[in-house]
Amino acid sequence: MSERSNLWGGTFDITLEMEDQSIESPHRHYYDRSAYQSPLEDEVKQGWLLRPAMDMEMKRKKKKRCFNINPTVLIRSLVVVAVLAGFVALVAFLATRRHHHRPPPVQDNYTIALQRALMFFNAQRSGKLPANNHVSWRGDSCLDDGNGYLNGLQGGYYDGGDAVKYSFPASFAMTMLSWSVLEYSAKYETAGELNHVKDIIRWGTDYLLKTFNSSADTIDKIVLQVGKNSSENCWIRPESINYPRPVIPCSTCPALAAEMAAALAAASIVFKDDHKYSKKLVHGADILFKFATKGEGERYAGGSDPPSNFYNSSGFWDEFVWGGAWMYCATGNSSYIDLVTSPGLAKHAEAFWGGPDHGVHGWDNKHAGAQLLMSRLRMFLDFGYPYEEMLKKFHEQISEIICSYLPGSHNFKRTNGGLIELNHGKPKPLQYVTNAAFLATLYADYLEATLTPGWQCGAKFYPKDAFRDFAKTQIDYILGRNLRHMSYVVGFSDHFPRYVHHKGASIPGYIKHQSCQEGLRWKESKKPNPNTIVGAMVGGPDKHDGFQDNRSNYNFTEPTIAGNAGLVAALVALLDGSKTGIDKNTMFYAIPPFSMPRPPPPLVGKP
């Protein structure tokens, strides 16, 4: 990999020597050259040294003896000598090469960042932890969650730093991770993280299946939240929680249910080789989507999701498109593509209208992601009539959105350091930036897979690499190429946030039990967190590239699983080393061969 210089004069690339010494590398070996001295090599050298004396002895003997040599015997002897000489030369060559052993290649920035970003999910696990969790300061926690509610609500992920489990952002995180696996499983495997990311997804989907009666055919409620945010008057490790945690269900929550359906549907494709589990996920997704839409589809006339202190849904029609698209990919049932391509649903979702958040993909707004997913159907399956008209509109819309990310567009401002302001200067910008980087890279890979050299953005044609370059500049900013020379991913490089808003990371692991009030001293401590929550992407800087490394200011320093899911997806998309690009077919494995109906005949005027 070519070296990339950074803004402060050094190299932006990380070598193994620059990594945290506490992280062992399985590739780091030291070699004693003398220990690899080959005895064969010594024998070869001795043979060459003795040869002059041997030649003289042969000449002396020849003078004493003269005899006729059979030509056939001579030729065979020469062949044997040549073979032996070649073998000796090969042994000498191999022995010499052992003195010049090449160490394994150094991992690139994105691979290292990917591995660490995935470790954040290990630190966020709730419940009984597996033996391979590999986060030394975490332990079992909240084992009594949801006791008496269905089969219990143990497990899942804490959303951020306050040990609360929210179903909405958790579902979005699992959907994004599954999408990245379906597109880039070869890259995950090259990085050695495919099994890890699949374990992360399954931990999340196992919990989501507990939040409703997933074995039934119909349901009337799902769990919205477990636990309560109480950072103001309670600051303790999750392992110290010994009080009952509230379970908040909801009976009318179309956005949440449709997002949960998307998560289970996408994961069912990831785990398609585990037929029993995949079938269970599909069944759960099906009843969730019916619960979300009440079986009414675009004619849904029910209520909206209940208000929440932290994760309020601004609408549900975009989740209907998003969830329906994933349901079609997971089942191949044409009723789902009929729904998501119906003009009425698109009109409700305002899929083709602008607005300040148009193109800002995130846990609350799925328009851009749904449009790219639907464009994938058009680009690789070529459905034609009767879906082509609507799929073409989705394709045109996502193309405009991806174009709007480029520096030549005026849709979004940028900070002086180059960070795109997708949420218009509001706090916690990085979660939206990583999602945009993922979509832009995926869009470029779709163009490459269809042998399309680029795209026309307004009056200017951009090669496909321009979209990937946009993604790289944004991810590089997050990793440290910014005006503050700070990595916003904890544990990546030497300069990263030390006062992360995270209860578990801020309290020493040796403290097993304490009260809410006793723990507040750790929140107010002026010392850096005693535990490094490796891979956590914090909220990020403000619109002036400023950043407050302050434990109490969660807008700057709190990480979330939804944010990290976008980071993971963007990083794996940007990885080099795999020539396979995207996996075009796995996502469509459940879709049957398409039989295109004939369009209706043109109307003929009456004579």
Side-chain angles (χ1 to χ4, degrees), residues 110-111 113-122 124 157 170-209 259-275 277-278 280-282 284-285 322-323 325-331 361 366 369-370 372-373 376 380 434-435 437-439 441-443 445-446 449 471 475 535 561-591:
Y110 296 149
T111 300
L114 171 67
Q115 293 167 345
R116 297 185 180 181
L118 287 168
M119 282 302 298
F120 171 69
F121 289 90
N122 292 39
Q124 293 301 101
Y157 292 101
S171 299
F172 174 72
M174 296 306 106
T175 311
M176 290 294 290
L177 290 177
S178 292
W179 193 1
S180 70
V181 170
L182 294 174
E183 301 284 9
Y184 299 111
S185 61
K187 291 188 177 185
Y188 273 116
E189 192 161 17
T190 300
E193 294 293 330
L194 181 58
N195 289 335
H196 186 191
V197 70
K198 290 173 75 172
D199 285 345
I200 290 170
I201 295 169
R202 185 154 187 164
W203 189 272
T205 53
D206 281 350
Y207 171 75
L208 291 177
L209 288 170
E259 181 58 62
M260 289 174 64
L264 298 187
S268 75
I269 310 174
V270 172
F271 298 107
K272 64 182 179 64
D273 294 332
D274 185 342
H275 301 293
Y277 188 63
S278 181
K280 184 177 183 180
L281 292 171
V282 169
W322 172 251
W326 280 112
M327 289 300 299
Y328 179 63
C329 292
T331 66
H361 185 64
K366 315 303 189 316
L372 184 56
L373 191 59
R376 193 187 205 278
F380 298 131
T434 55
N435 290 334
F438 172 63
L439 296 185
T441 307
L442 195 53
Y443 182 83
D445 287 342
Y446 287 174
I475 296 302
I561 56 174
N564 256 66
L567 174 65
V568 166
L571 286 168
V572 74
L574 288 171
L575 286 185
D576 293 325
S578 174
K579 297 180 180 180
T580 57
I582 60 166
D583 179 347
K584 293 195 295 185
N585 301 318
T586 298
M587 190 180 295
F588 299 146
Y589 92 104
I591 298 177

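Counting from 1, the numbers follow the sequence of the chain as shown.
Of all heavy-atom pairs spanning Ser180 and Leu177, the tightest one is OG-O, 2.7 Å. In terms of heavy atoms, Ile561 sits closest to Phe121 at O-CZ, 3.6 Å. When all heavy atoms are compared, the tightest approach of Met174 to Ala263 is CB-CB, 4.2 Å. Across all non-hydrogen atoms, the minimal contact from Leu373 to Ala325 is CD2-CB, 3.7 Å. The minimum heavy-atom distance between Asp583 and Ser185, with the atom names listed, is OD2-OG, 4.4 Å. Between Ser268 and Ala330, the closest heavy-atom pair is OG-CB, 3.5 Å.
Taking the side chain as every heavy atom from C-beta outward, Leu575 and Tyr184 never approach each other to under 4.5 Å. Phe172 places a side-chain heavy atom less than 4.5 Å from the side chain of His361. A heavy-atom distance below 4.5 Å is not found between the side chains of Trp203 and Gln124. At a threshold of 4.5 Å between non-hydrogen side-chain atoms, the residues Val572 and Glu183 do not count as touching. For the pair Asp206/Tyr277, a side-chain contact is recorded, criterion being any heavy-atom separation below 4.5 Å from C-beta on.
Separation of atoms CZ (Arg116) and CG (Asn564) is listed at 13.5 Å; rounding is to 0.5 Å. Atom CG in Leu208 sits 5.0 Å away from atom CE in Met260 (nearest 0.5 Å). Atom-to-atom distance recorded for Met176:CE and Asn435:CG is 4.5 Å, nearest 0.5 angstrom.
Among residues two or more places apart in sequence or in another chain, the ring pair (Phe, Tyr, Trp, His ring centres under 6.0 Å) test is passed with Tyr446 by Phe380. Not counting sequence neighbours, Thr441 has no partner by the side chain to side chain donor-acceptor pair (under 3.5 Å) test. In this structure Ala570 satisfies the side-chain contact (heavy atoms from CB on, under 4.5 Å) test together with Ala437, Phe438, Ile475, sequence neighbours excluded. Residues passing the side-chain contact (heavy atoms from CB on, under 4.5 Å) test with Ala262, sequence neighbours excluded: Thr175, Glu259, Trp322, Trp326. Remark: Tyr589 pairs with Ile269, Lys272, Ser278 by the side-chain contact (heavy atoms from CB on, under 4.5 Å) rule, at least two apart or across chains.
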Atom pairs and distances, side-chain donor-acceptor, residues 191-200, under 3.5 Å, sequence neighbours left out:
from	atom 1	to	atom 2	distance (Å)
Glu193	OE1	His196	ND1	2.8
His196	NE2	Asn122	OD1	2.9

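Of the candidates Leu567, Leu571, Val568, Thr434 forms a side-chain contact (heavy atoms from CB on, under 4.5 Å) with just one, namely Leu567.
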